[in-house]
Every structure is written in C-alpha cells, then in structure tokens.
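The chains referred to below are lettered A, B, ... by the order of the sequence lines, with proteins before strands, and numbering in each begins at 1. Predicted model only: the values in this text are computed from it and were never measured. Note that these values count all heavy atoms, side chains included, but never hydrogens, waters or copies made by symmetry.
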Amino acid sequence: METGSKLDLPAVLVAPAGGPRGSWLGQFLRTNFEVFQRDFLALLGLIILLFFVVVAIFAPLIAPYGPTEVIEQEGIWLSNKKPSDQFILGTTNLGRDIFSQLVYGARPALLVGFSAAIAVSMIGTLVGLLAGYFGGWVDALLMRLADVAFGIPFLPFIIVLSAFLDPSIWNVVLAMAALLWRDSSRVIRAQVLVIREQAFVSAAKVSGAGHLRIVFLYIAPSILPLTFLYGSLAIGWAILTEASVSFLGFGDPNVVSWGYMLQDAFLSQALSRGAFYWFIPPGVCIMLTVMAGFFIGRGYEEILFPRLRRQ
Amino acid sequence: MRRGIMLYIGSRLLQSLLVLWAIATILFFLFRLAPGDPTVAFIDPSFTEEQEQALRARFGLDKPLHEQYVIYLANLVKGDLGDSFFYSKSVAELVLEMLPNTLYLSFASLFVAYVIGVIGGIVLASIRGRFLEQAGITVTLMTRAAPEFWVGMFLLAVFAFELRWLPSSGTSSPGTIYKSELEKLTSKDFWEHMILPTATLAFYLHGLPLLLMRSSMLEILDQDFITMGRLIGYSRWRLMLRHAARNALLPVLTALTLGIGYSIGGDVVVENVFGWPGIGRLLVRAVSASDYPVVQGAFFMIALIIVVLNFVADVLYGLLDPRVGASEQARIS
Amino acid sequence: MTLLEIRDLSVIYRTQQGTVQAVDRVALEMHQAQHLGIIGESGCGKTTLLRALIRVLPRNGKITAGQILFKGRDLLTLSEREMRQLRWREIAMIPQASMDSLNPVQRVGRQLEELLTVRGKLDRAAARRRAVELFEMVGLGTERLEHYPHEFSGGMKQRAVIAMALALQPSLLIADEPVTALDVIVQFQVLEVLRQLEHELNLTILLITHDISVVAQLCDSVAVMYAGQIVERSSAEQFFNAPGHPYSLGLQHAFPHLVRPKDYLISIEGYPPDLHHPPQACRFAERCPFAEPRCHQQSPALEEIAPQHWAACLRAEEMDSLRQQAGDPQVWLKTQAARQSANGNGRHFSGNHHDREVKTLPTAQVAAAQPLVEVRELSKRYHIGGGLAGLLRGQKPQTVYAVNHVSFNLQRGESLGLAGESGCGKTTTGKLLVKLLEPSAGQIIFDGQDTAGLSRRQLREFRRRVQLMFQNPFEALNPRFTLYRSLAEPLIIHGWRDKAQRRARIIETLEYVNLRPAEAFLDKYPHQLSGGQLQRVVLARALVLRPDLLIADEPVSMLDVSVRAGILNTMKGLARELGLTTVYISHDLSLLQYTCDRIAIMYLGHVVEIGPSQDIISQPRHPYTQALISAVPVPDPALPNPPLRIREGVPRPTQQAIGCPFVERCPEAMEVCRNVFPPAIKVSEQHQVLCHLYGEHAASPRLPEPMEESLS
C-alpha cells in the first residue's frame, strides 16, 4: 500500500510516543518507557542492572564478610577452601571470602559504568550537536579531533595514563571521557545533519528563532534516544575496561573489583588448580552487567532503526 | 571513470599522516608535561648533580621544550625511538622484535572473526524474524560482553590445564629456538601456541562484523534493487549472496577500521594472559617498570598499526564501491 | 484475445491497528496489445493490485480471495518456483521509484547481461549483443553500458529500467508511476520512448498512475480505483469525454489544463475512508456532490452504463445531467465532507479582520511607485570540496553556480511564479529571498531597505514580514509539537507575551485557512493529520505573523490531486484578502498559470524569460520556455503535445556560461550564442527574454545540427 510521503527518519525521531497530550518531559519519559515495554531483552537488561544496583547498595548487608577480611580459624588462614555452606563460593588463597568480594565488586563496577556513561554520552551529544548544527570550521575541527581519537588505541591509552596517574577507578572514566565520545558524536552529528535540513527547522529559522532555541527545542529532543543508546553501551564498555585495567594490575589496589578478583585468581594459579569457583563468578558478573547495557542499547536501537525489526 | 579514486586515496593518506602527527604530539606532551620528570624513575638518589645532568643531556631533556619537540619528531620519522632505560637495547629494536608476534595474532584473529562474522551475519539475515535469529543475536551480544581475559582464562583452565591439549603460554615450547621467522611460521609448535589466543580474540571480535553484516544485509534487502531482483525472478540465494551480500559487505569493511582499534586494545590483555611476547605485553611491562621510552615507543607502534590498517581498509572500501571518489558533478546532474 | 483476467481479487494487510482491506473484489480484463491505465490517488490500492498480480506483496499482505488468470492459468495456484519462472519472462515490471531499482555497485550493462544470461538463458556473447540492442532501442548510448547507476541521470536510469523490462520480451508489461518524480522534459521524453515502443513492439501495458495526463498520453483504456475498488472502467476516449463516475468528474476538474486553462479548479473536499473499516455503502458518498441519502446506505455495483463502459454509481443513469453540473465549482462545496469541515472555498473571513490588515498596507499610489521587493543581480555560488576539509574528504574543489545575476521586482499584492527543472536555482532563489541563505553577490531590497546588513532588530522585523511555505507538509512541522505549539512558536519568538492573545490569533488564522472548528486542531500532533490538512497548517503558520511576503516552494506537489486545488484556492483567496505578495516556486507550469500574475522561467540559475503568465504560456519566446511548455502533458488524448524541440544534454551548474547558458541544448543555437551572453530583450512592456534570437545578432549563423537530436 502506498504510504504517501513520510520522513525517512526512524519513527522515534519524528513521532512522539503515546497519546496526543503531554509535556515534553512526559513524551520523553514515555519514549523511554516504550523501549522497555516493547523489547523484552531491554527489559531484562534493566532488571539485571537494577539487581546489581540493589546488591551494590546493600553490599554490607548481603556479604557475610568484608571484601579484604582474612578469615582465620584458630590462628590459621582458611585459604583455598572449596565452596561450602560457610563459604558459598569458597575462599582465596589469602583466606578471603569470594562471595563477599563478588558482592562488593558490584560497587566499583556500577560507579565506573554509570559515571563513564554519563560523561561519554554528554560529551558525545554536545560535540555531535555543535559539529552538526554549526558545520563549517567548528565541524571540521571537532571531526578531525574525532579522527585523532579514533586513531588512539583505547586500552593502551589507559595503560599509559596509569603510568602517570595514581591508580584509581576514575582513570577509566577520565580516559573514556577523553576518547570514547568519538563514536556517539559521529553518529549524532550525522543525525543532526539530517534533522537540520528538515523543513520544520528552516521554518523556525524563518520565523526568527535563534540558534539556542533551534538546537535545544527542535534538534536536541530528536537525538536524545541516540544519546541513551550510546550511554547504555558506554556502561558496558566502562565496566569491561575497568575490569581489564584491574586485571593488568593498574587498578586501585585498595578497591576490590571483579577485575581485581580475576587478577588475583590468575596470579594465584587458580587456573592450574582448576579453581573454577574462583574465576568463573566474577566473569559472569561482568558479563551480565555489560550485557545488560548492550540489551538496553539494543532496545533503543530497535525503536531508533525499526527497519532492523521489520519483517 | 574512477578518476576520483586517486584523489580519495591521497586524501586518506594525508589524513592518516595528520592523525599520526597528532598522536605523536599528544604523546610528547603527555610525557614532558606529566607531573614529575620522566627520568625520576631512573635517577638514583645517589647520583651526583653532574651525573644527573649528563643523563638528562643523554635523553635530550636539557634543551628547551620546542627544540625537544622538533628533535623528537625528527627522530620519530627516522624510526629512532630512543633507548630503553632497562634493557640494553634501543626501543626500536625491542618494538620490532615484538611486532611480528602481535601482527600474527591480530591478523589471524581478525581473519577468523570476519569470516565467521560475515557468514553468521548472512545466515542471521536470511532467517530474519524467526526465534533462532533473536537467539543468535542474544548469544552474540553475550560474546561481546564477556571480558576477553576471562574467556582466555577459561580456555586456559580447560584446554591447557584440565585437558592438557594445548600449551598455556608463549610462542614456543621451552627450549625451542627458531632460526628465522619463516621457520617459526612453518612449525607446528608455533601454531599450537597460536590457537588459544587467536580463539580468545576471535571469540570477542566476531560479534561486531556479525551484527553489522546482519543489519547491513537487512537494510540492503529492503532496497528497491533487491525488490527488482525478486521481480526479475532471481533465485533467493542469487539475491542474497550476489546482490545483497556484496553491497552489505561495504559498511562492514568500513567497520573493520573500528574493529581493528578494539582488536589491538584486546590484544594487550590477551597477550598478558597467554604470556605472548608481543607489543601489548611489552607495553604493560614497561609501564610497570616505568620504562618511559619503551612505553612511548610501544604505544606509538600500536597507534601506527591501527592507522595503517585503517588506511588499508579505507582504500579497500574505495576500490570496492564505485561511488567513492565519483565527482560532485555526477551527483548533481 | 484475453491475456489477463482478474476475478474478484481481494488483498488485505495486517497492521497494528487491524486489517486493512487494500484491494476489494477487483475485477479486470485485458486483451493482447491493450494499454490499460489504472488511475487512483495514494492509498487507493493500485500498487497493491499490481504487486498482487505478480505475487510480490509485503510480508503483511495477503490475497484473501479471487483468481488471476494469465493466459488461462490461475497465477494464485502456481508454486513459488513456477511463479519465479514466469516473472519477467511473461510479466515484467517498471517499478515505482525505479531510480533506485538498479544495483548501485554493478555496471548497468552487467546487470542487463546478468538478467539475459540467468533468466533469458542466453550465452554471454548473445547477451552482450542483446544488451546493446536494448540500449539503442530506449535511446541510450551503448557506451553507457559500462557506466554505474550513479553516473546516470534520472531519465537515463528510467530508460535503463525500461530496457531491462523489455529484455525478455514479456507478454505483459506493468508500470507503476513510470514517470513520476522526473522533470517535465525528461518525463515527456520517457513517455515518448514508451509510446514509440508500445506500437513498435506491440506491447501489452498495464500502467498505474495518479496523473490522468499520463493515461491520456499512453493508454487506450482506463480503470479508476477508489478506496480499494474499481469505480469506473471504459475506453480512454469515453473516460475523457463522458466520464461515468462523480469521482472521475472531480479528478478531471481538479487538473489544471495548460491549453484550456480553467478559471477555477475544483477540490474534492475530504479524504478517502479508513480501509480498516470500509463503509458498507458507496465509498465516495462523503465526498460526492451528488450523493443522495441512499448512497450512504447502499453499495453500488460496477454496471455497464454504456457499451464497454462500466461505472459503480447509484445515479449512473443521470450521469449526463451530473456531468453538466460538475463544471460548476459551487457544486463541489456542497459535499458532506465540505460541509463537515464547515468549509467554503469562496468564503473568507469577515470585514473587521480585513480592515485591520488594510491599515498596514500602503495606498495604491505608493504601491505603484515602489515595489515591495527589488532583486538586483542576485547570485549564489557554492564552493564544494575547497579548503583543507574538502581535501581531506577527497573532493575536487568545484563551484556550483546556483543562481546567476537574477533581477526582478515584486509589486505589492502580485504573485510571481518561478518555474524550471530541478536544479535550476528556483528553490535557492526562494531561500535567498527569505534569508535562509546569504547571497554571494547582488542585492535584495525589501520595502526600500537592503536586506544585507540588517541590524538585529531590523532582521527580526524582516523575519516577521517574510515567510516561507514548504514543499513537504510531512516535514514542515516539528513532530514533537502540537499544532498549537507550532503556531505559537513564531508568536513567542516575536514577543507575544499574552497567552489569550496568542490563542485568539492562532484560532483566527486556522479559520482563515479553512481548518474549522479551529479548536479541534489545537491539541493534535502532525502525524494525526492528512497531508492536505497539514499543508493548511503550514500555511497558517506562515500567516500567523501576518507577513507581507510569502514564498511558497512547491506548495502542493506532495499532495493528491483532489486536494491540491483546495489549498491553491485558499492561498489565492487569502493573498487577495490580506494584500499578500506571493512567490510560487514550482516545476508545474499549469499550476503557476493558475495561481500567478507573472511567471519567471529559470535555467541554470538564470531567469531566461519573465512576463505575464498568459504571455509566457501562449507566446513563449525563449526556446527553453517553448520546450518546457510543449513537454507539459495534456490531460486530454485529443490534444497531442506539439513536438518537443530541445537537444540532449545535461545542465551543468558547475560551469559558468560565457555565452548563453542554454546553448548546448538549444535547437536554434547560433554561433553568437556560444560566446556572447544574451541581452535582456523587452518583448513587451512586461515581457522580457534573455535570447539572441530577438536581438541584434539574430542573423548570426546557426550552429550545425548535432548528431544526437532528441527522440521526438
């Protein structure tokens, strides 16, 4: 059936979700709600994330021991214990409770994940908006900067940074903010270029609307779903990166993160001893949180680019 | 007809050089302006003033900053990356020694990942809308969410330690010495050592091309010329492979440029898990030991690999897509 | 001999809102060598019918009933494999938007050869020979076989697709809007190719289109589709001389006619019914001026009202008298749909608004003395691919000369039409006029003031007084704003603080544009409105600040023919009432003739001819204007187009002309035209042309006829 002339843009970028009435915020929340309503995987991702948030907040209540607490019995360290009723996941070779470490490990993971996501998506959105809307030398400069950022290997960059900075989980956030805006800014710029040429934006210009009004009232709302898409992907990236950095030994030695646990296990010959109970759970936790971010991101992608879903 | 193509390649080359220059500059300032003198780690408190001065002079740190910058760039162009603080070798020597290993690993894993990814993407696109497709996507996302070093650890624990099928570390069994790279490359031992790290990297890397190939295929399959093909009465497989897949491959190739960047990042971790003597492991060790010239050299080498491979991918893209480099003229008229 | 017989075919689509009855019990018959045109507006199911015929429906589409007998075999009973064998060998198609129907990364010749070897079972050498033959047949140079699609112009791609369609000598050729989206001259040339081949190859063609003039040019018989059903079937002659359905009557009176211009175009108010719940009565009743109470209850069947002429109308017997009445525009204002929207095309707002507007207007004398807009030597150039950024992107630096030394005046209250092919600079000129773009050279003087270097305050005032109306109503409104918000934006920007005043002004304006009751529209979002309604909202937004100058860029080209006239009539009426000066930008000369006092013809950024509309249409002087006019398709098979006289060629906006910009394509080109830019010659007081034919060099020797003359 002929659909007449419609925009070539994804539905989310053009049509407000839900009913006819509602404030801008209302529409916006509804769009976000719709992602989780429509997409089961996105909902699953959200549930996983919320689960880990709860775990992180109530870690002291859930974990039977402290993360670095050395458990002794009659002056002897209870090291390398296999899983039992007392130690659900066994103990490390220093006699620490693996399960408790796992619970506390959610804290740095989520902290890094969320702060990096916010930093990356905010910078990326801003750069994309500016480059796309103003064009000209602003665009040229920002996009060449993005090219350079694309040329810089990400993980090695963080490793080099740790040579200068004191070990801290914030290094990862800093490095991500410095480099990873490149992906989102490019995509958002491309989208802004499309929206900028839309007649309704020209109409605002002809009516005398200023740049700020056009950027924030006409263009920004249309690209926010993209911001969220890249934000949720960045959660995953940040957690993965933090784990890698900790695994390589450049993490904060005072923070027990999942990456730290894996490094600990790796260096303590857990592999050759077949101590799967030690190194499998942290990996699974990392995978689950990262996956949660990807699932949510995919939810946004599906409504942003419905072509992929159409049968 | 393809007059524009040389211009396109030239511009890509120029752009690559610009990026390299920018990275070199960032590196330079990172190392000079960072808190503390880069030689701090090297200078013993027992050094006398003169010894210290001599040392600074040896590393060229006594000159004004802009002069240092010019010397640094000139040296970089010549391939002179300075000397290691700890090994009695030049950085260039060290890096070149490690380079082949890193390249073998990168190429092998990228190759495996792209073959699996492209085929997987076509398969997923051809079963679109079915439950299996959703399951395939979910599994692929899981592989992308699993930390590489953890996957490596798991493979090590199972195949190296439990089953003892494959070696756990390095490029060769203890005591083996190869006379040449060729001998190394043709020995069974080396390839046995390659299997686990390559599998680990490919396990992670194949997700990107797979998902991209799928979405790219779906997009192409919705285009008018495919509908035209259906109208013409071409068979499903002819349409899928000869018409859709070739066009769909182009954006996947562009994404290769992204994939390379992430793959080399992943290399660093995987090399450390498998004790693979490559540039990534060199970098990590140098950072731990505060061997700044090596840090700088190894990092620059990694960046160089990325930029060069990106350039190659861009050129490939230009050669495959007749629209690239077509003059503005054609588009207007 | 009957080639194709469709019996009671029904097709549905499953959508989120339910089931759409897209094609409803359609019956058709075609014999060999027949050229049948199916006419219908968007959403009437004509494309679906075509797709069902070759069984290539979207996945949510399903054929629920009927038979499609092709050469005696029911296509619906064939296996997919048998069907695939039949496609293209027996039934080939020229698809809609065939611009994108070629594989972008394969040479066109290669695609043709693949078709011939894989489907036509020819060997490579034979395929090669046949490809050359086919290209020659559709008038494409054989060297074009080696080119990629992006190196083809729109018309050339269309010819290539026609070549592909004819490659296997199908028994039936189906074409979906074969010339839509092509420029008028190219459109004419492609139609010519089709018309020629139609006779040479004795083709059987089934064509669907919204444009009755295409049917007039190509078809010997006609079927009219409305809301999923066929409402009339007849020979082309009968359809144009004595249509048998009120909808057909409406369509014919809604089409502007260049040769026999109408004083007033009718508009069929309202919209087709929602096919999720088709009414169990005549589907056209709501929009029909002749509907009686029984029409809203009873569904008419397709009956033979004259020999070989079928129509589905309960009042078919009175058709002779209805035909008489249909010529009167007032009749079309009495439909139920028109009454429901409290519409009246002739009715405008009451006097008190009028008084207030008049105060801001200058007196007649001033108006005569000083034009509202003076455009002097206006030029716009774009530099592409220059600078470091361009070098990095691998672009060749080039200059596009979009607008060149354009000068004209706009008197207060007059309407000027800018016409020309796509890329001629008319839209750029419009954007320059509203200051969406800054000119590279030249001046625009608005109300005595140079618009370059306006102060902030002056610019604001300029923005209030000059407005733009956009081509695509689906894109012209912020999809996230309610209509109220969209209309309030200009007022807010211009400092209307008082909410009640804003609301009053918005409601008043919505009523001006015949959206009534206005209150019902305020809280709606753009996607809840039809194209015609949206375009009225766009007009309202342009008028909400009560501007003096309105630029309308293709204001109705995206709309269905039946609602076009309604918008144009409203615009014409409002311009008169509000003393508005208007510039219409359009590729459609018949539309401009209908709406404008004067027309300017643009070619490659130059205004090559300007003058009163009547003079331009009836006595065109410039060879390009003459070509444009003879290419406009006439919605009447009895009036064939005059031969088109223009040489093949592609306008190149990247080269600045030393001589006449049209010289490459001009059938009258003289030696002087190559080297000397033509002077502006006054044909009459108001009529001016940029051509050597009427100047001192008129005796200059003619350039030799080129080898490649146009096909016509």
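Heavy-atom distances place no part of B:Val151 under 4.5 Å from chain A, backbone and side chain included. For A:Phe157, the parts sitting under 4.5 Å from any heavy atom of chain B are the backbone and the side chain alike. Looking at B:Gln296, there are no atoms closer than 4.5 Å to chain A (heavy atoms on both sides), in backbone or side chain. At a 4.5 Å heavy-atom cutoff, the contact between B:Ile26 and chain A is made by side-chain atoms alone. In this structure, the portions of B:Leu141 lying under 4.5 Å from any heavy atom of chain A include both its backbone and its side chain. For A:Leu145, no part lies under 4.5 angstrom from a heavy atom of chain B. Proximity to chain A (any heavy atom under 4.5 Å) is shown, for B:Leu221, by neither the backbone nor the side chain. Proximity to chain B (any heavy atom under 4.5 Å) is shown, for A:Val245, by neither the backbone nor the side chain. At a 4.5 Å heavy-atom cutoff, the contact between A:Ile159 and chain B is made by backbone and side-chain atoms alike.
Dense packing is recorded around CZ of A:Phe114, with more than 12 heavy atoms of other residues, nucleotides or ligands lying under 6.0 Å away.
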Check: residues 275-285 of chain B side-chain donor-acceptor pairs under 3.5 Å, at least two apart:
from, atom 1, to, atom 2, distance (Å)
B:Trp276, NE1, B:Asn101, O, 3.1

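At distances below 3.5 Å, at least one donor-acceptor pair connects side-chain atoms of B:Arg236 with backbone N or O atoms of B:Ser126. Without hydrogens or angle criteria, A:Trp258 side chain to A:Pro108 main chain gives no donor-acceptor distance under 3.5 Å. Although no hydrogens or angles enter the test, the distance criterion places no donor-acceptor pair under 3.5 Å between the side chain of A:Ser185 and the main chain of A:Gly128.
Here B:Val287 is the residue among B:Ile302, B:Leu211, B:Val287 with the most heavy-atom pairs under 4.5 Å with chain A. Options B:Ala160, B:Ala125, B:Ala157, B:Ser288 differ in how many heavy-atom pairs under 4.5 Å they form with chain A, and the most are formed by B:Ala157. Interface summary for chain A: among B:Leu27, B:Val273, B:Val295, B:Ile305, the most heavy-atom pairs under 4.5 angstrom belong to B:Val273. In terms of non-hydrogen atom pairs under 4.5 Å with chain B, the most contact-rich of A:Leu41, A:Val148, A:Leu262, A:Leu155 is A:Leu262. With chain A as partner, the option from B:Ala146, B:Ala286, B:Ala22 having the largest number of non-hydrogen pairs under 4.5 angstrom is B:Ala146. Between chain A and the options B:Asn272, B:Val158, B:Leu304, B:Leu20, heavy-atom pairs under 4.5 Å are most frequent for B:Asn272.
Ring geometry, B:Phe149 versus A:Phe247: the interplanar angle falls under 30°, so the pair is classed parallel (tilted spans 30 to 60°).
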TODO: Check the pair B:Leu94 / B:Ser84 against side-chain contact (heavy atoms from CB on, under 4.5 Å), numbers first and verdict last.
DONE: CA-CA 8 Å; B:Leu94 269 173; B:Ser84 162; 3.9 Å; yes
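There is no side-chain donor-acceptor pair under 3.5 Å between B:Asn310 and B:Ser16.
A:Gly236 and A:Val290 get closest at one heavy-atom pair: O-CG2, 3.5 Å.
With B:Arg214 as the partner, the side-chain contact (heavy atoms from CB on, under 4.5 Å) test is satisfied by one option alone out of B:Arg128, B:Glu133, B:Glu219: B:Glu133.
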